[in-house]
Amino acid sequence: MTNRIQKAFEQKGQNLLNVYFTAGYPKLQDTVPLIQALTTAGADLIEIGMPFSDPLADGPVIQQSSSVALANGMNLYVLFEQLKDIRQQVPDTPLLLMGYLNPIMQFGMENFCREAAAAGVDGLILPDLPLVEYEQEYQAIFKQYNLQPVFLITPQTAPERIRHMDTLTDAFLYLVSGPGTTGSANTQEAGTQEAYFERIAAMNLRNPRLIGFGIGDKASFQRASQYAHGAIIGSAFIRALEDTADAPQAAQKFVSSILS
Amino acid sequence: MTTTFQPNARGYYGEFGGAFIPEMLYPNVEELREQYLQILADPEYQAEYQQLLRDYVGRPTPLFEAKRLSARYNTRIYLKREDLCHTGAHKVNNTVGQILLARRLGKTRIIAETGAGQHGVATATVCALMGMECIVYMGKTDTERQRPNVERMRLLGAKVVAVTSGSQTLKDATNEAIRDWIGNPVDTHYIIGSVVGPHPYPDLVARLQSVISEEMRKQLLEKVGRELPDYVVACVGGGSNAAGAFYHFLDEPSVQLVAVEAAGHGIHSGHSAATSVLGTPGIIHGSRTLLMQDEHGQITEPYSLSAGLDYPGIGPLHAHLGASGRARFISIEDEQALKAVAELSRLEGIIPALETAHALAALGQLGAGPDEVVVINLSGRGDKDLETYMKYADQLK
């Protein structure tokens, strides 16, 4: 059975745009309108951030949006309530939940997976869930609810480890563009990043690849897409939502600026 | 020694521990995990470490029989004088060990987090000694309330970064240090200051602090005629001095281990750092342990007058010692700690750090008999707290 993520990659093949936003930001009730607006504007996948007080892998922009979302009253109960009819409005676009393990543990991993599956979520990106813990503790639950894990790959990830990750998912592999948290600029020597992207591309992995971290405009999106099947934009989109009264309109405008 | 309280291969003490880290940190932490035991056991490393502990830190630290304090509590009290270590606290035992480790791993840049500034100073100190670049992350709030330590670090050549994210205290300083490490995976070693963080850090730091209890056993044999005391008492924020003081007694069930937490304004006042009482299992800074959080798993801000104890978690070893009943946990409020500062100062001529004073304040609750031997780990001296002591002068009379 082909899942929504696989279908999206099969249909478009190249230049897929995955947009991240923090649920409950800028306003608590913006979650669903933003998913709709992003879909209409042409985003190919949507990553819904579950805000956490201590997001270790995130830079200042997503930290700030998480704090605002939490202050707005976002939590997993509210999020799943907001998402309960999302598949009636957005039937095909792959939806992924991105967040940290602690809030999920308090909610209960099995409850969480059940609710996510019921809402029509396709995949989970949990950066602080290590591979070994996933395999030993949670793989069975993910499988039971047809949720695809998305694993992060960095320039330091060993090839055999990448191959192993590749066997554990039917979604995509998330290539972290270089050292740093989300939103950091590329400070690597010229050619270093390209060599890394090409090295991974040459591995002929079974899953497609998206490049994330530091991708923020049309130029960086197009450049990343030369080395993978597309790219992930987060911090730059959150910045575009910062001072807006109309988040869905800002989303439309932002996605158009990338894809036009 | 047996291994009842040693972590397993995945870094678990019972149900606590592990390494919940993003992939970006995996190679660094894995490198450390693969090599730390081998390096620590290397005779050349040990020779260098022991020499620095002796000639630079000033070890062994004395075990002092506190006669007037003993008379006051009608028991036999000994103070393990970690306050006499270079830089004024036990923290330097760990930083000396870790900087030698970092050099063997080929690292050239050192990062650290600090709350009260003691670990930051101890890190800046060893970086100066080794000529290594040092960046210390410190919550902006803490840089303001612990200004002398900020100046000490700068004088030692370290760069102090005031952290403005989150609540701007130790938790956020730790987040920022971890983010720095994510951004600098190749040349940087992160010297964590407590028995917290992803495996192998809790075990690494506990081993480097275990010199405290190793010395205690020898000194007790000499002074009391037996290696084993009846009680070992230490304060716990993250828990590094307690881990060091308990380490060589963990598998000696006749020794009561007493961990003293900061209750701030009172355990249920909403302004407390008593994690063993208020905490629930969760993940903080890469470790599954007890932590203070709300019902949704958002980490909450602890409170203690002492900046060294207001951490929202405790090390996984301590969570396990609590859950298994091996250690007894006592909570001490700000006011009780301040009284203990005054008491030790007047009775023994030793001004303790505010953190350490929590351990001293637990003396009345131990129930120790006249012939029983109580060892208190005097983890740090009070110089850094002078401003606080001046502010609360009325309570210190």
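First the proteins, then the strands, lettered A, B, ... as listed; each starts at 1. Worth knowing before you read on, the calculation uses all heavy atoms, side chains too, and leaves out hydrogens, waters and symmetry mates.
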Handout entry: Check: A:R114 side chain, A:Y145 main-chain N or O, donor-acceptor pair, under 3.5 Å
Key = no
Exercise for the section: Please look at A:M165 and chain B and tell me whether the side chain, the backbone, both or neither of the residue comes under 4.5 angstrom of a heavy atom of that chain. Expected result: side chain
Exercise for the section: Under 4.5 Å, counting heavy-atom pairs only, tell me which of B:G18, B:G286, B:P27 racks up the most with chain A. Expected result: B:P27
Exercise for the section: Establish, yes or no, whether the cationic atom of A:R161 lies under 6.0 Å from the six-membered ring centre of B:Y26 and within 45° of the ring axis. Expected result: yes
Handout entry: SB check B:D180 B:K159 (cutoff 4.0 Å)
Key = no
Practice task
Please flag which part of B:I299 lies under 4.5 Å from any non-hydrogen atom of chain A: side chain, backbone, both or neither.
Solution key: both
Handout entry: Residue part contacting chain B, namely of A:F213, when any heavy atom lies under 4.5 Å
Key = side chain
Handout entry: B:K107 and B:E31 ion-paired at < 4.0 Å
Key = yes
Practice task
Name the region of A:P51, side chain, backbone, both or neither, that has any atom closer than 4.5 Å to a heavy atom of chain B.
Solution key: backbone
Fill in the blank from the handout: Of A:F52, A:Y77, A:Y100, A:F107, the largest count of non-hydrogen pairs under 4.5 angstrom with chain B goes to A:F52
Practice task
Pick one of side chain, backbone, both or neither for B:P198, based on which atoms fall under 4.5 Å of a heavy atom in chain A.
Solution key: neither
Exercise for the section: Using non-hydrogen atoms and a 4.5 Å limit, figure out which bit of A:Q136 sits close to chain B: side chain, backbone, both or neither. Expected result: side chain
Problem - Toward chain B, the part of A:L70 with a non-hydrogen atom under 4.5 Å - result: side chain
Practice task
Assert yes or no for the condition that the ring centre distance of A:F112 to A:Y138 is strictly below 6.0 Å.
Solution key: no
Exercise for the section: Look at A:R206 together with A:D170 and state whether they make a salt bridge at an N to O cut-off of under 4.0 Å. Expected result: yes
Exercise for the section: Could you tell me which portion of A:S184 (side chain, backbone, both or neither) has an atom closer than 4.5 angstrom to a non-hydrogen atom of chain B? Expected result: neither
Problem - Lys/Arg-Asp/Glu bridge criterion (N-O < 4.0 Å) met for B:E176, B:R179 - result: yes
Exercise for the section: Pick one of side chain, backbone, both or neither for B:I284, based on which atoms fall under 4.5 Å of a heavy atom in chain A. Expected result: neither
Exercise for the section: Answer yes or no: is there a donor N or O on one side and an acceptor on the other, between the side chain of B:S304 and the main chain of B:S306, under 3.5 Å? Expected result: yes
Practice task
Against chain B, label A:F151 side chain, backbone, both or neither, depending on which of its atoms sit under 4.5 Å from a heavy atom there.
Solution key: neither
Problem - Toward chain B, the part of A:Q63 with a non-hydrogen atom under 4.5 Å - result: side chain
